[in-house]
Amino acid sequence: MSDQKPIDLRSDTVTKPCAAMRKAMAEADVGDDVFGDDPTVNRLQDRVAELLGKEAAIYVPSGSMANQTAIRAQTQPGDEIIAHQDNHIYHYEAGAPAGLSGCMLRLLPGAGGRYEADAVREVIRPTNSHFAQSRLIVIENTHNRGGGTCWSLDAIENIKQVALEHKLNMHLDGARIMNACVAKGHTPSAYAKYFDTVSMCFSKGLGAPVGSAVAGSTEMISRVHRFRKMFGGGMRQAGVIAAAALYALDHNVERLAEDHQNAKRLSVALANMPHVDVDVEMVETNIVYFDVDPAYSTAQQVCDCLHEDGVWMLAVSAQRVRAVTHLDVSTTAIEFAIDALHRVLSAKPAE
Ligand SMILES: *Cc1c(COP(=O)(O)O)cnc(C)c1O
């Protein structure tokens, strides 16, 4: 039995701040960040800029705001953004590229949320008054809907060449960039150097309760700063939460490898279970997707049965289930989740 029921694998956003993180928050020096006076926020911004090898960074309330302020800062209404068809900015940000920036999305297919430089080249619009203006390329790394997959530096480099040829900007949705760095052994700046703007989240696997950041040139971040205010994201004594992000960068990066091992362990176990299909090779970081055979049951039904055993996963479509590992899920808890899956999947399908 596990001592940590429920085992919540719905997302890596469910983590709760530990006692030491809360202590850092309680003790944070604060000031009014809209006046630029919060020393803890300033420390975090400097730290992120350095980590990502950029001139500047800005703290924002959410990953969506990080992406959308970066998009707004680099586009005009009527511009076109090239992205993967499974990207977060397209599916999970409430239509914000259209709603907040007046932009169209030009979506590309590709396994694991990745696409090739040639595919980008093919959709870039010629300069002609009939066409939207291609302006920005967005890459998501790790790729959430793609299965927590990582981009290679070579693939990004090839796309950067196309961007340079056509004078397009590049944005990295790096909500889980630290997962990619830990999995691939790259430094954050090795990934970030290709991009004009980079977003990252502290509230996913890094375990902080709130917050994200955008990094880029000083000029770019001053534009992002203006849109953060316009979008309602100017915060006051935000050092209280920025302290949690600093704590996360100090303590919760290297341990992401444990989450990746737990996800791998879960996927390998699933590969030997009946009525489900999983691609173990696609599990590069902390996200596992598996498909339930429709002849057996539905994703929701399997999640409901697991829920009764104290294991929470997310039905993301009729047949697809997502499980995400994180710092509040130990290897013991994963073993318990595997046992629960065994029990549920060896039962007769529910009527
Ligand atoms: C979670 C996530 C975001 C940001 O989401 P918020 O809920 O706004 O913090 C952005 N991109 C990706 C890939 C994500 O997984």
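Order of listing sets the numbers, starting from 1, for every ligand and every atom in it.
- Looking at residues two or more places apart in sequence or on another chain, you find a side chain to side chain contact (heavy atoms under 4.5 Å, CB included) between R255 and N252, E258, D259, L327.
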Residues R121, D118; criterion salt bridge (Lys or Arg N to Asp or Glu O under 4.0 Å); working and verdict: CA-CA 5 Å; R121 196 176 269 112; D118 284 345; 3.1 Å; yes

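- Each side-chain hydrogen bond (donor to acceptor under 3.5 Å, both in side chains) pair with one or both residues in residues 232-244, not counting sequence neighbours, appears once here: D32-R236.
- Each of R320, H275, Q319 was checked for a side chain to side chain donor-acceptor pair (under 3.5 Å) with D291, and the lone residue meeting it is R320.
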T142 and E284: side chain to side chain donor-acceptor pair (under 3.5 Å), yes or no, with the steps? CA-CA 9 Å; T142 68; E284 298 177 40; over 6 Å; no

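- With sequence neighbours excluded, no residue satisfies side chain to side chain contact (heavy atoms under 4.5 Å, CB included) with E116.
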Could you give the N/O to N/O pairs under 3.5 Å linking ligand 1 and the protein, each with its distance?
| unit_1 | atom_1 | unit_2 | atom_2 | d |
| --- | --- | --- | --- | --- |
| ligand 1 | 8 (O) | S64 | N | 2.8 |
| ligand 1 | 8 (O) | S64 | OG | 2.6 |
| ligand 1 | 9 (O) | G63 | N | 2.9 |
| ligand 1 | 11 (N) | D173 | OD1 | 3.0 |
| ligand 1 | 11 (N) | D173 | OD2 | 2.7 |
| ligand 1 | 15 (O) | N144 | ND2 | 3.0 |
| ligand 1 | 15 (O) | R176 | NH1 | 2.8 |
| ligand 1 | 15 (O) | K204 | NZ | 3.0 |

